[in-house]
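Written out below as C-alpha cells is the structure these notes cover.
These figures come from a predicted structure and were not determined experimentally. Just so it is clear, the values below take in all heavy atoms, side chains as well, and ignore hydrogens, waters and symmetry mates.
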Amino acid sequence: MKRRLLYLALGAGLLIGLTTFWPGAGTCYYFVDVKAGMTARDVLQLLQKERLVGSPYPFLIWTRLRNAGARFKMGRYRVSQGRSAFWIVDDLVQGRTVKAKAVIPEGFASWQIAERLDELEICEADGFKRAVAGSQLEGFLFPATYEFEYGMDPSMVARKMKEVFDRHWTDEKVARAQALGWSQAQVVTLASILEREAVDKAELPLISGVYHNRLKKKIPLQADPTVQFALGVWKKRLTYEDYGHVVSPYNTYLRPGLPPGPICSPGEPATNAALWPAQTDYLYFVATDNGKHTFSTNYRDHTNKVNQRNKNKKRKNH
C-alpha cells in the first residue's frame, strides 16, 4: 500500500513537473503583442483571448514568484499552444520576442522612413515624424538594415538610428570637416543632396566638386532635390513653376548657399564625397538619358549640352 502511494505521488509529481517545466512543442502558435505599460493581468487577458492559457493561476503564481510583473519586456511574442505558464513567463522576462526587419535605403527622407516603419508595425508614422522633427534628426537617421521590436516608442526608434549614425561619424570625418571649416550639419546637408542627385554613385565625388566650387564662388547650388524636398515629394521632373514659385529656404534656385538642413539620410559614400570632393574646375552638370551627367566649366557649354539633351529627348518622343 505504501509503495503504491509512493508510485502515485511520484507519478503526480512527474506529471506536475512535465506540465510546468516542459517548454511545449506545439505547431500551432499565435502572436501576442505586449506593449509598454501593460500589467501582468493585461498580458494574461491577451493569452487567454488566444486560448494559450487556461486557468490563470499558474501564470499569476509564476509571475509573482519571479516578481516578474514589472519586468515583462515589450514586443511581439510567438507563443505555441501547449507552452506552459512557467516558460511563457520566462519568455516575457527574458524578452524572447520576434523582431521586425526594417531595410532603410540610402536617400530616404524621414517621411519615407516613417511610412516604412508604420507598414512594418514597428511604430506609428506620425509619432516618428514628430520625434524626428522635435530632435532635428532629418539626415541623421543612418540608412541600414535594422531589427526592431514591434510596437516600439517612435522616439526610441529614431534614437537607435541616430546612434548608428554617431558610430559612423568617425574621428577621421571630424578632422576632415574641421579642415574644411564645415560643421557636421553642413557636411550631412551636402551629402544628402549628393545622395538624391547621383544615380551613378561613381559620380558622387565629381558632383560634390561642382557644389564645393559653386559654394566658394557664391553661385546658387540650383539642386533639384532641394526643391523636391520643399514640395514634400520626390517628383520625377520639376516644372519651371516649381523652380521659381516654391518659396522655401530649401529652394536652392532662389536661395544661395546650403539649405538649412539635410533633405534625406545619406549613405557612407555620399558623406565621404561631401568631405573629399573631386578636385575639378566644373561648375555645371546636366543629367543625360541614362541617368549619368555631363559636366561643364562654363555656362555657354552647359547651355549647349542642355539644348542637345532636350533635342535628343524630342527625337525619341516622335
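Between Thr189 and Pro259, the shortest heavy-atom contact is CG2-CG, 3.7 Å. Closest approach of His293 to Glu197, counting heavy atoms only: CE1-O, 3.5 Å.
Relative ring orientation between Tyr299 and His302 is described as tilted, the plane-to-plane angle lying within the 30° to 60° band.
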**OP:** Show your working on side chain to side chain contact (heavy atoms under 4.5 Å, CB included) between Val79 and Glu50 and close with a plain yes or no.
**Re:** CA-CA 10 Å; Val79 184; Glu50 302 296 348; over 6 Å; no
**OP:** Please lay out, stage by stage, how Ser265 and Ile113 fare under the test side chain to side chain contact (heavy atoms under 4.5 Å, CB included).
**Re:** CA-CA 9 Å; Ser265 292; Ile113 298 173; 3.9 Å; yes
**OP:** Assess whether side chain to side chain donor-acceptor pair (under 3.5 Å) is satisfied between Asn298 and Tyr284, documenting all intermediate values.
**Re:** CA-CA 7 Å; Asn298 60 79; Tyr284 304 90; over 6 Å; no
**OP:** Using the salt bridge (Lys or Arg N to Asp or Glu O under 4.0 Å) rule, take Asp126 and Arg130 through it: C-alpha gap first, then chi angles, then the decisive distance, then the call.
**Re:** CA-CA 6 Å; Asp126 289 342; Arg130 286 194 296 270; 5.1 Å; no
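The main-chain N or O of Glu195 is found under 3.5 Å from a side-chain atom of Lys201 such that the two form a donor-acceptor pair. Between the side chain of Glu124 and the backbone N or O of Pro154 there is no donor-acceptor pair closer than 3.5 Å. Looking at Glu138, its side chain does come within 3.5 Å of a backbone N or O of Ser110 through a donor-acceptor pair. Side-chain atoms of Tyr253 come within 3.5 Å of backbone N or O of Gln222 as a donor-acceptor pair. Here the side chain of Arg255 pairs no donor or acceptor atom with the backbone of Pro260 at under 3.5 angstrom. Side chain of Gln112 to main chain of Ala109: a donor-acceptor pair is present (N/O by atom type, distance under 3.5 Å, no hydrogens or angles). The backbone N or O of Pro225 sits nowhere less than 3.5 Å from a side-chain atom of Arg196 that would complete a donor-acceptor pair. Side chain of Gln228 to main chain of Lys235: a donor-acceptor pair is present (N/O by atom type, distance under 3.5 Å, no hydrogens or angles). Panel note: side chain Lys305, backbone Phe295; a donor-acceptor pair is recorded below 3.5 Å. Between the side chain of Asp242 and the main chain of Thr239, a donor-acceptor pair closer than 3.5 Å is present.
A salt bridge is defined here as a Lys NZ or Arg NE, NH1 or NH2 lying under 4.0 Å from an Asp or Glu carboxylate O, and Arg237 with Asp224 fails to meet this definition. Salt-bridge check for Lys35 with Asp42: failed, with every basic side-chain N at 4.0 Å or more from each acidic carboxylate O. A salt bridge does not link Lys160 to Glu149: none of the charged nitrogens lies less than 4.0 Å from a carboxylate oxygen. Using a 4.0 Å cut-off between a side-chain N of Lys or Arg and a carboxylate O of Asp or Glu, Arg76 and Glu121 qualify as a salt bridge.
Using a 4.5 Å cut-off on side-chain heavy atoms (C-beta onward), Phe148 and Leu117 make contact. By the 4.5 Å heavy-atom criterion applied to side chains, Met152 and Met74 are counted as neighbours. When side chains are defined from C-beta on, Thr303 counts as touching Asn307, because their heavy atoms get closer than 4.5 Å. The shortest distance between side-chain heavy atoms of Val306 and Arg309 falls below 4.5 Å. The side-chain heavy atoms of Asn304 and Arg300, taken from C-beta on, include a pair separated by under 4.5 Å. Looking at Leu231 and Leu238, their side chains come closer than 4.5 Å, going by heavy atoms from C-beta outward.
At a threshold of 4.5 Å between side-chain heavy atoms, the hydrophobic network of Ile, Leu, Val, Met, Phe, Trp and Tyr places Tyr250 and Trp111 in one connected group.
With hydrogens and angles left out, the side-chain atoms of Asn251 and Tyr243 include no donor and acceptor closer than 3.5 Å.
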